[in-house]
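One structure below.
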Amino acid sequence: EAVTEQSAWPDPVLSYAYFIREVETRVGPQEHIIGLRQNLPWPGTLSLKADSARNRADAAGQAVRRERLEMIQVIKTAYFEVVYLDRALTVTREHLARLDTLEPVVRNEYVTGRTGQNALLQLQMARERLMNRIDQLERRSVPVMDRIQAALNLPPSTPLSVRLEPADFIEFSDDDARTWLRESHPDLKSLESLAAAAENGVSLAERDRYPGLTLGMNYMVTGDARMAGVEDSGKDPFNVSLSLNIPVSRRYNAAERRARLQEAAARDRLHAAGNRLDTMLSDALFAYRDALSTVRLHTESLIPLAEQT
């Protein structure tokens, strides 16, 4: 809508004048004047305004996309926490079941004197710690589900069914990640659009120096001549005019300087955002590689060794 608004021509101006004292001419008295004026934008001005509006609309669209991605991030983070809590509960309950299986054996050995009381007490303390851990994990899942419901704009009491599926690790290089960042991050795309809009503003400020043209037309209603036999008696005249406003004010220099400063500021914000996101990406890549290394250590080395023993 903003593009359509900025690319539209100015409205024409219709005027009407009535002669309280009629102007007598040879062909008759002039009684009314009907005029029409149209401002003529300098060639390229409307397209620049449309481009500027389009760039600003793109920036606003990227802001909406950023909000959407943030909501997806909140949901995904909560989802993976639910997956973690589910697996942690499963493992902890398995440990508790094993302790419940061992307790009668240790108790029997204590009764028969083949082991001391300390072994039984250690087992019972471990069992209590596991039961407390299970209670903590179950209670922790409640606020996590609340975060998902809030992100989806659902009431807190809405039941949710979460499918727990294993996540696949994606193989990519650091250069691939930086390319994705530069090509798709909404903050950068928004700032790029705003910088382009500021560049359009410089071109528009330069065009403000050009003379403005106004095309006019006037139709005069003329009465009959007072004397009979006058040639062209009552003939209505019609004229076309072209007016030119001359830009001589110093405000045009100030407007152009301001536009150039705004463009420079927009470019600086874009550059700073790129550097900031590059730093954040480096931290995220390190955390991802570190987590991936830890997962592979457990799945490929520690867990197989533990199963062998």
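What you are looking at is a predicted structure, and each value in this text was computed from that prediction instead of being measured.
- A continuous path of hydrophobic side-chain contacts links Leu215 to Ile34 [ILVMFWY only; heavy atoms under 4.5 Å].
- Between Glu81 and Arg147 there is a salt bridge, since a side-chain N of the basic residue sits under 4.0 Å from a carboxylate O of the acidic one.
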Practice item. Take Met220 and Phe238 through the test side-chain contact (heavy atoms from CB on, under 4.5 Å) and record every step on the way to the result. Key: CA-CA 6 Å; Met220 299 182 183; Phe238 177 86; over 6 Å; no

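- The hydrophobic cluster around Leu297 extends to Leu302, counting ILVMFWY residues whose side-chain heavy atoms fall within less than 4.5 Å of a member.
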Side-chain donor-acceptor contacts of residues 261-277 below 3.5 Å, not counting sequence neighbours, with atom names and distances?
unit_1 : atom_1 : unit_2 : atom_2 : d
Arg267 : NH2    : Glu199 : OE1    : 3.1
His271 : NE2    : Asn275 : ND2    : 3.3

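- For Tyr79 and Tyr84, the ring centers are positioned 6.0 Å apart or more.
- The side-chain hydrogen bond (donor to acceptor under 3.5 Å, both in side chains) test applied to Arg56 returns no partner, not counting sequence neighbours.
- In this structure, the ring-ring contact (aromatic ring centres under 6.0 Å, His included) partners of Tyr210, at least two apart in sequence or on a different chain, are Trp42.
- A salt bridge links Arg127 and Asp100; the closest N-O separation between the charged side-chain nitrogens and carboxylate oxygens is under 4.0 Å.
- A search for salt bridge (Lys or Arg N to Asp or Glu O under 4.0 Å) contacts involving Glu109 returns nothing, not counting sequence neighbours.
- Pairs of residues two or more places apart, or lying in two chains, that qualify as side chain to side chain donor-acceptor pair (under 3.5 Å) and include a residue from residues 65-78 are Gln62-Arg65, Arg66-Glu70, Arg66-Asp187.
- Side-chain contact check for Asp51 and Asn200: no donor-acceptor pair (N or O, by modelled atom type) lies under 3.5 Å.
- Rounding to the nearest 0.5 angstrom, the gap separating the CZ atom in Phe19 from the CD atom in Gln30 is 5.0 Å.
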